[in-house]
Trainee: 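Attaching a single structure in C-alpha cells format; questions to follow.
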Amino acid sequence: MAKWTAFPYDNSAFVYTPATLKKHWARLHAGDAEPLPKDADVLQAWIHFHAGDFQAAYDAGLAAGGAGITVANKAQGIYANYLEKKEKVKLEMFLEIAERAEAQQAEEPKNPNAWYWQAYALGRYGQGISVAKALAQGLGSKVKTALETTIKLAPKHADAHIALGAFHAEVIDKVGKLLGKTQGADAATGLKMFEQALKLNPGSAIAMIERANGLVMLEGDKRMKEAEKLYADAAACEAMDAMELLDIELAREELED
C-alpha cells in the first residue's frame with residue numbers, strides 16, 4: 001500500500017499511553033460511543049489513531065481483528081476525508097470502509113459502529129461523486145437506514161446524530177424539498193438531529209461545524225450569523241487528539257473564507 005500522507009501538525013500533546021488513554025477515553029469517545037477495548041492490541045491501535053498516525057492505526061486495527069476493525073475504519077475514514085490528496089484514492093478508500101463495515105455488521109449486527117462507518121463512508125463517497133448521482137444509485141436510503149440503526153443501537157451516538165442531520169440537509173440542499181421528501185429527507189428532522197448531537201457532545205467542534213453548514217443549507221442567509229458564531233466556537237475548541245485538531249483547523253478555514 002502507498003504511504004499515507006503524514007499528519008501535518010504537532011501531535012506531541014496527543015501521544016497517549018494505555019493508562020492515560022483509559023483515563024481520557026470517555027471524553028475522546030463522546031462522539032462515537034465506542035466502548036473501551038479489552039484487547040491490548042486494539043488499545044494500541046487507538047493510541048496510534050489519537051496521535052494522528054492513521055496508517056499505523058489502520059494496520060494495527062486490521063491485524064487485531066474484532067473490535068480493531070472499527071479503529072481501522074475510523075483511521076481510514078478520517079485520513080481519507082482530511083488528508084488524502086488524490087480524489088480517486090479517497091473514493092476507493094471510502095468504498096473499502098463501507099465494504100468492511102458491512103462485513104462487520106454480518107458478524108456483529110448489534111455493533112453500532114459497524115453501521116456508522118458504513119454510513120459515514122457511503123455518505124462521503126456520495127459527496128465525492130455528487131449527491132444527486134449517489135441518490136440515483138440508491139445510496140441515500142442505505143446511509144439513512146445505517147444511521148438510524150446506529151442511533152437505535154446507541155442512542156447517545158453523537159456522531160450518528162450529526163451525520164443524520166447532514167444527510168437531511170445535504171439532500172434538501174442538492175435536490176430540493178420536494179424530491180428530498182422521496183428520499184425521506186426532512187428539514188425539521190435535520191435541525192433536530194444537529195441540536196441533539198450538540199446536547200450529547202457539547203464540546204465537539206465537528207458537531208458545531210456540521211450544524212453551521214446545515215443551518216445555512218436548510219434556512220439560508222437568515223441563519224448565517226448563527227452559523228458564523230458556531231464556526232468561531234468550533235475554532236476556539238481545545239483539541240484532545242489529532243482528529244479534533246483537524247476539525248478545529250477546518251473551522252478556522254471556514255472563518256477565513
Side-chain angles (χ1 to χ4, degrees), residues 4-61 64 67-68 70-83 112-113 116-117 120 124 150 154 156-163 165-166 194-213 229-255:
W4 293 8
T5 302
F7 182 69
Y9 305 102
D10 175 23
N11 72 343
S12 52
F14 313 135
V15 180
Y16 291 94
T17 64
T20 58
L21 181 54
K22 283 175 188 173
K23 189 181 165 193
H24 294 290
W25 186 268
R27 158 66 180 79
L28 285 163
H29 290 270
D32 67 2
E34 180 70 9
L36 178 70
K38 295 179 175 79
D39 184 316
D41 291 340
V42 177
L43 195 68
Q44 187 55 51
W46 280 114
I47 287 171
H48 291 309
F49 173 83
H50 291 299
D53 195 347
F54 298 124
Q55 191 162 19
Y58 167 83
D59 289 338
T70 301
V71 198
N73 285 344
K74 187 165 187 172
Q76 194 172 22
I78 297 304
Y79 170 79
N81 190 46
Y82 289 100
L83 300 175
N113 280 320
Y116 175 74
W117 286 106
Y120 178 95
R124 293 297 188 200
T150 307
K156 290 186 176 173
H157 199 300
D159 291 350
H161 284 83
I162 297 168
F194 290 127
E195 212 170 295
Q196 186 61 15
L198 272 168
K199 271 186 193 154
L200 290 168
N201 193 8
S204 166
I206 196 63
M208 295 172 203
I209 293 165
E210 293 287 5
R211 187 177 184 204
N213 293 344
K229 165 93 169 73
L230 283 162
Y231 290 135
D233 289 348
C237 285
E238 199 178 320
M240 289 274 295
D241 76 349
M243 181 187 76
E244 289 182 6
L245 185 56
L246 289 169
D247 292 334
I248 291 163
E249 289 298 329
L250 179 67
R252 287 174 184 156
E253 281 168 31
E254 290 286 355
L255 280 174

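Side-chain atoms are counted along with the backbone in the values below, which use heavy atoms only and exclude waters and symmetry mates.
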Trainee: Please set out all donor-acceptor pairs under 3.5 angstrom arising from side-chain atoms of residues 33-48, sequence neighbours excluded.
Mentor:
unit_1	atom_1	unit_2	atom_2	d
Glu34	OE1	Asn113	ND2	2.7
Asp39	OD1	Asp41	N	2.6
Asp39	OD1	Val42	N	3.3

Trainee: How long is the span from the CD atom in Glu210 to the CD1 atom in Ile206, to the nearest 0.5 Å?
Mentor: 5.0 Å

Trainee: Work out which heavy atom in Leu255 is nearest to a heavy atom in Ala232; give both atom names and the distance.
Mentor: CD1-CA, 3.7 Å

Trainee: Could you tell me which non-hydrogen atom of Ile209 sits nearest to which non-hydrogen atom of Ala234, and how far apart they are?
Mentor: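 That closest heavy-atom pairing would be CG1-CB, 3.9 Å.
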
Trainee: Could you state the interatomic distance from CD1 (Ile162) to OH (Tyr120), rounded to the nearest 0.5 Å?
Mentor: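 Ile162 CD1 to Tyr120 OH: 10.5 Å, rounded to 0.5 Å.
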
Trainee: Between Trp4 and Gln76, is any pair of side-chain heavy atoms under 4.5 Å apart?
Mentor: yes

Trainee: Rounded to the nearest 0.5 Å, what separates atom OG1 in Thr17 from atom NZ in Lys22?
Mentor: 9.0 Å

Trainee: Taking all atoms of both residues into account, what is the closest heavy-atom pair of Ala242 and Ala51, and its distance?
Mentor: CB-C, 3.8 Å

Trainee: Distance only, no hydrogens: is a donor on one side chain within 3.5 Å (strictly under) of an acceptor on the other, for Asn73 and Tyr58?
Mentor: no

Trainee: Without swapping roles, check the side chain of Glu244 against the backbone of Met240 for a donor-acceptor pair under 3.5 Å.
Mentor: yes

Trainee: With side chains defined as the heavy atoms from C-beta onward, is the minimum distance between His50 and His29 less than 4.5 Å?
Mentor: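 In contact.
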
Trainee: Take the angle between the ring planes of His157 and Tyr116 and call it parallel below 30°, perpendicular above 60°, tilted in between.
Mentor: tilted

Trainee: Short question: side chain of Arg252, backbone of Ala235 - any donor-acceptor pair under 3.5 Å?
Mentor: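 Looks like yes, one N/O pair under 3.5 Å.
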
Trainee: Quick one: does Glu195's side chain get under 4.5 Å of His161's, heavy atoms only?
Mentor: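 Glu195 does not reach His161 side chain to side chain.
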
Trainee: Between atom OH of Tyr231 and atom CG of Leu250, what is the distance when rounded to the nearest 0.5 Å?
Mentor: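 Reported to 0.5 Å precision, the distance equals 8.5 Å.
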
Trainee: Are the side chain of Ser204 and the backbone N or O of Asn201 linked by a donor-acceptor pair below 3.5 Å?
Mentor: no

Trainee: Of the non-hydrogen atoms in Arg211 and Leu198, which two are nearest, and what is the gap between them?
Mentor: CD-CD1, 3.6 Å

Trainee: Is any side-chain heavy atom of Phe7 closer than 4.5 Å to a side-chain heavy atom of Leu245?
Mentor: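 In short, these two side chains touch, coming nearer than 4.5 Å.
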
Trainee: Give, for atom CG of Asp159 and atom CH2 of Trp117, the distance between the pair rounded to the nearest 0.5 Å.
Mentor: 7.0 Å

Trainee: Decide yes or no for Cys237 and Met208: does some side-chain heavy atom of the first lie under 4.5 Å from some side-chain heavy atom of the second?
Mentor: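 A side-chain contact under 4.5 Å exists here.
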
Trainee: Do the side chains of Tyr79 and Leu246 get nearer than 4.5 Å, heavy atoms only?
Mentor: no

Trainee: Using ring centroids (six-membered ring only for Trp), state whether Phe14 and Tyr16 fall under 6.0 Å.
Mentor: no

Trainee: How many angstroms lie between atom CG of Leu28 and atom CG of Leu21, to the nearest 0.5 angstrom?
Mentor: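 That separation rounds to 6.5 Å.
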
Trainee: Looking only at heavy atoms, what is the nearest atom pair of Lys74 and Met243, with distance?
Mentor: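 Heavy-atom minimum between the residues: CE-SD, 3.7 Å.
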
Trainee: Show, in sequence, the C-alpha distance, side-chain angles and deciding distance for Ile78 and Phe49, and conclude whether the side-chain contact (heavy atoms from CB on, under 4.5 Å) test is met.
Mentor: CA-CA 10 Å; Ile78 297 304; Phe49 173 83; 4.1 Å; yes

Trainee: If I compare all heavy atoms of Leu83 with all of Ala6, which pair ends up nearest, and what's the gap?
Mentor: CD1-O, 4.4 Å

